[in-house]
Amino acid sequence: MPSNNSYQTRTTLTSGGKSYTIYSLAALAQAGGYDLSRLPFSIKILLENLLRQEDERNVRRADIDYVAKWNPAAEKQEIAFMPARVLMQDFTGVPCVVDVATMRDALKDMGADPTLANPLIPVDLVIDHSVQVDHYGKKDAFDLNVLLEFQRNHERYALLRWAQANLRNFRAVPPGTGIVHQVNLEYLAPVVFINAETGEAYPDTLVGTDSHTTMINGLGVVGWGVGGIEAEACMLGQPCTMLLPDVVGFKLTGTLAPGATATDLVLMVTQLLRKKGVVGKFVEFYGPGVKALSLADRATIANMAPEYGATIGFFPIDEKSLDYLRLTNRPAEQIQLVEDYCKAQGLFLEAGTPDPVFTDTLELDLGKVVPSLAGPKRPQDRIELNGVKANFLATLGGEPKSASVTMNGETFELREGAVAIAAITSCTNTSNPSVLMAAGLLAKKAVEKGLTVKPWVKTSLAPGSKVVTDYLVESGLMPYLEALKFHLVGYGCTTCIGNSGPLPDEIADAVTAGKLNVASVLSGNRNFEGRVNPHVRSNYLASPPLCVAYAIAGRVDIDLTTEPIGTGTDGAPVYLKDIWPSSGEIESAVGQFVTASQFKKQY
């Protein structure tokens with residue numbers, strides 16, 4: 001329904017030689033006498049949404065006034081939020097498609113036109129939750145896993161293909177393409193949405209049927225995960241109702257120290273925000289440290305919002321956002337619109353922009369971030385690298401047990417603390433070229449030293465998009481990852497959502513018979529007991545290079561800061577510091593081998 005626009009804020013924005021209708025926040029400020037300059041950016045986006053949706057039914061002028069005044073201490077009132085689009089993955093999205101198909105059957109039974117039943121706003125569904133790591137550590141692992149995926153999901157995929165061909169406002173991204181949130185970041189999100197029917201331009205906003213929809217907050221897009229019923233209601237034109245959230249400002253200062261990764265940063269952010277208590281709140285990042293973070297680093301932090309408990313973890317749009325849109329091959333006309341629209345609406349973070357007024361704040365000096373893991377059961381339980389050994393041993397309550405295992409003609413002792421799974425997985429980290437290049441560079445140095453992966457470790461590489469394999473291949477690093485058995489197993493969530501597949505029978509039998517506490521190390525976002533694999537009791541979140549390092553070490557009851565990770569071909573001990581890539585090496589690899597042409601090719 002068109003906005004009543006009681007404040008008469010409809011105006012025209014010209015960008016790239018085209019004219020768009022916008023609902024001007026500057027005009028609202030002038031008409032209502034409001035100072036919007038220090039509203040949190042995320043609240044400005046909610047305010048524009050109300051301004052555009054005003055109809056005196058779902059959205060009243062009083063709602064606009066309430067948000068425009070932005071008083072964090074005021075009593076919370078309910079507002080109606082209508083997203084620009086809906087994002088789904090295949091597990092949670094299929095029921096929504098089934099419901100639309102059922103509506104079509106009902107219309108047909110009534111003698112009406114069944115094609116009238118369609119989503120009323122755009123819906124994208126990415127198939128990424130179905131692939132499982134059955135095959136690993138070999139060249140054809142990807143082909144074999146995809147074959148099994150299609151065999152197991154034939155009926156569901158047939159339904160989604162029907163929906164793609166028959167429903168308006170519906171797109172399905174096929175299996176083997178990538179993880180929903182990374183595909184959203186790299187391709188689907190326009191950042192500024194254009195309604196072709198009305199000629200309106202407005203902020204790209206969304207709800208998704210997966211909690212990590214928040215990853216897109218790193219690109220300045222407001223969106224979060226909801227239940228299937230809420231997503232379906234939005235799909236059929238109904239707004240989300242919610243209390244206007246508190247906004248916690250998280251000030252970042254300084255820069256990351258050498259050796260610290262975006263994964264280490266997000267684990268610290270998660271720990272701090274869990275301690276702060278941000279459930280049901282927006283978190284908005286600000287301060288000079290924001291400029292020091294790449295867009296991929298911001299997306300890594302935003303992705304973990306469900307783990308630190310916030311509704312969103314938001315970064316405003318700035319020059320780095322535009323650079324990322326260029327890197328990912330967005331159309332030049334669209335990038336220009338993003339810049340022009342956001343600057344016109346006060347949604348662009350520039351030098352001299354005053355800090356917003358937040359409900360509460362906290363602060364982190366990026367220079368204090370150190371290599372860390374989180375576990376063995378919760379993502380907020382951060383442990384510095386030198387404390388992982390003691391952390392695991394404390395879970396045993398006694399001397400480590402072991403069992404003899406013979407597998408593939410080799411006999412070894414499987415001890416408690418053995419790394420049974422080492423997985424580079426999940427949208428959280430595989431969207432970030434710096435940590436994936438770091439993993440590849442570490443693998444290269446390890447192979448050159450003569451190091452290998454222990455025979456009991458189930459290894460996997462499951463990127464969030466095909467672009468990842470492109471830059472790993474073009475940089476020459478993929479063969480080194482494969483030499484350590486980190487072969488491509490699929491493009492999907494895999495280990496992070498429990499699709500790690502079975503352990504080898506010999507390992508599973510020994511774990512069960514000996515009641516052994518074995519471990520996984522994964523670059524995911526969730527590590528609750530029983531989630532990764534039913535046989536693996538202790539699960540640690542880590543950066544991709546640390547996943548490779550622990551696969552080489554073969555155990556978590558080791559202090560990688562002081563103990564050798566293995567022995568080189570020259571017989572000398574090799575330490576983690578000997579194979580850890582420098583910041584300069586990582587930056588050089590990313591700058592040289594991550595290119596817009598790769599995004600153009602894959603999307």
Side-chain angles (χ1 to χ4, degrees), residues 2-3 5 9-29 36-37 39 41-53 81-87 121-124 169 171 183-207 213 215-223 290 294-296 298-299 302 312 314-351 353 596-597 599-600 603:
S3 172
N5 198 26
T9 59
R10 284 170 63 96
T11 186
T12 299
L13 172 73
T14 300
S15 176
K18 293 185 178 180
S19 295
Y20 304 91
T21 298
I22 70 169
Y23 289 78
S24 170
L25 294 178
L28 171 66
L36 305 181
S37 64
L39 257 66
F41 286 86
S42 52
I43 296 298
K44 287 182 185 179
I45 291 172
L46 293 185
L47 180 59
E48 188 280 341
N49 197 278
L50 293 173
L51 198 60
R52 184 164 33 87
Q53 301 296 336
F81 168 71
M82 190 65 209
R85 59 190 176 99
V86 174
L87 184 68
I121 63 174
V123 176
D124 289 302
N169 279 335
R171 293 187 297 184
V183 174
N184 190 28
L185 184 76
E186 294 179 351
Y187 177 69
L188 297 176
V191 185
V192 170
F193 198 91
I194 303 168
N195 188 318
E197 293 182 5
T198 64
E200 293 174 346
Y202 43 88
D204 176 26
T205 55
L206 68 150
V207 293
T213 299
M215 184 171 191
I216 203 63
N217 304 159
L219 192 54
V221 175
V222 168
V290 168
S294 70
L295 196 291
R298 299 175 191 184
I312 66 173
F314 186 80
F315 288 83
I317 295 163
D318 63 3
E319 286 293 342
K320 284 200 172 179
S321 311
L322 301 180
D323 289 342
Y324 184 78
L325 294 176
R326 296 184 188 101
L327 172 66
T328 52
N329 198 49
R330 267 41 175 233
E333 183 179 271
Q334 181 67 26
I335 298 170
Q336 189 63 55
L337 175 61
V338 170
E339 181 175 5
D340 293 341
Y341 178 86
C342 292
K343 287 182 175 179
Q345 292 283 57
L347 294 172
F348 197 88
L349 181 62
E350 300 180 86
T353 301
S597 62
F599 292 91
K600 181 179 181 180
Y603 289 115

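We number each residue from 1, following the sequence as shown.
Atom CZ of Phe81 has more than 12 heavy atoms from other residues, nucleotides or ligands within 6.0 Å. The environment of Lys600 atom NZ is sparse: at most 12 non-hydrogen atoms of other residues, nucleotides or ligands sit within 6.0 angstrom.
For the pair Pro316 and Ser321, the tightest heavy-atom approach, listed with the atom from each and the gap, is O-OG, 4.0 Å. Heavy-atom minimum distance, Leu39 versus Leu47: CD2-CD2, 4.1 Å. The minimum heavy-atom distance linking Leu25 with Leu36 is given by the pair O-CD1, 3.4 Å. Pairing each heavy atom of Ile312 with each of Gly223, the nearest pair is CG2-O, 3.4 Å. Shown here for Tyr20 and Ser15, the closest heavy-atom pair between the two residues is CE1-O, 3.9 Å. Of all heavy-atom pairs between Phe193 and Pro122, the closest is CZ-CG, 3.7 Å.
Only one option out of Asn217, Leu349, Val290 pairs with Phe315 in a side chain to side chain contact (heavy atoms under 4.5 Å, CB included); it is Val290. The side chain to side chain contact (heavy atoms under 4.5 Å, CB included) with Leu87 is formed by just one residue from the set Val183, Asp124, Val123; it is Asp124.
Side-chain atoms of Arg330 come within 3.5 Å of backbone N or O of Glu186 as a donor-acceptor pair.
Atoms CD and NZ, from Glu350 and Lys343 in turn, are 5.0 Å apart once rounded to the nearest 0.5 Å. Put simply, CD1 on Ile216 and CG on Asp204 are 7.0 Å apart, with the number rounded to the nearest 0.5 Å. Summarising the geometry, atom CD belonging to Glu333 is positioned 4.0 Å from atom NZ belonging to Lys18; distances are rounded to the nearest 0.5 Å. One distance of note links CG of Asn5 with OG of Ser24; it measures 10.0 Å at 0.5 Å rounding.
Looking at heavy atoms from C-beta onward, Tyr23 lies out of side-chain contact with Tyr202 at the 4.5 angstrom threshold. Here the side chains of Gln334 and Ile194 are in contact, with some heavy-atom distance below 4.5 Å. Side-chain contact between Leu325 and Leu295: absent, with no pair of heavy atoms (C-beta onward) separated by less than 4.5 Å. Looking at Phe348 and Thr353, their side chains never come closer than 4.5 Å, going by heavy atoms from C-beta outward. A 4.5 Å side-chain heavy-atom check between Thr213 and Leu206 finds at least one atom pair inside the cut-off. Contact annotation: the side chain of Leu337 never approaches that of Val191 to less than 4.5 Å [non-hydrogen atoms, C-beta and beyond]. Taking 4.5 Å as the limit, every side-chain heavy atom of Thr205 sits out of range of all side-chain heavy atoms of Glu48. Within the 4.5 Å cutoff, the side chain of Arg326 has heavy atoms near those of the Leu322 side chain.
In the model, Asp340 has a side-chain atom that pairs as donor or acceptor with a side-chain atom of Gln336 under 3.5 Å. A donor-acceptor contact under 3.5 angstrom links the side chains of Asn184 and Arg85, judged on distance only.
Under the 30°/60° scheme for interplanar angles, the aromatic rings of Phe599 and Tyr324 are found to stand perpendicular.
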Worked verdict on Ile121 versus Asn169 for side chain to side chain contact (heavy atoms under 4.5 Å, CB included): CA-CA 6 Å; Ile121 63 174; Asn169 279 335; 5.9 Å; no

Verdict with supporting geometry, Glu339 and Glu319, side chain to side chain contact (heavy atoms under 4.5 Å, CB included): CA-CA 9 Å; Glu339 181 175 5; Glu319 286 293 342; 4.3 Å; yes

The test is side chain to side chain contact (heavy atoms under 4.5 Å, CB included); show your working for Ile317 and Leu347 and say whether it passes. CA-CA 7 Å; Ile317 295 163; Leu347 294 172; 5.6 Å; no

Show the numbers, then the answer: is there a side chain to side chain contact (heavy atoms under 4.5 Å, CB included) between Tyr187 and Thr328? CA-CA 7 Å; Tyr187 177 69; Thr328 52; over 6 Å; no

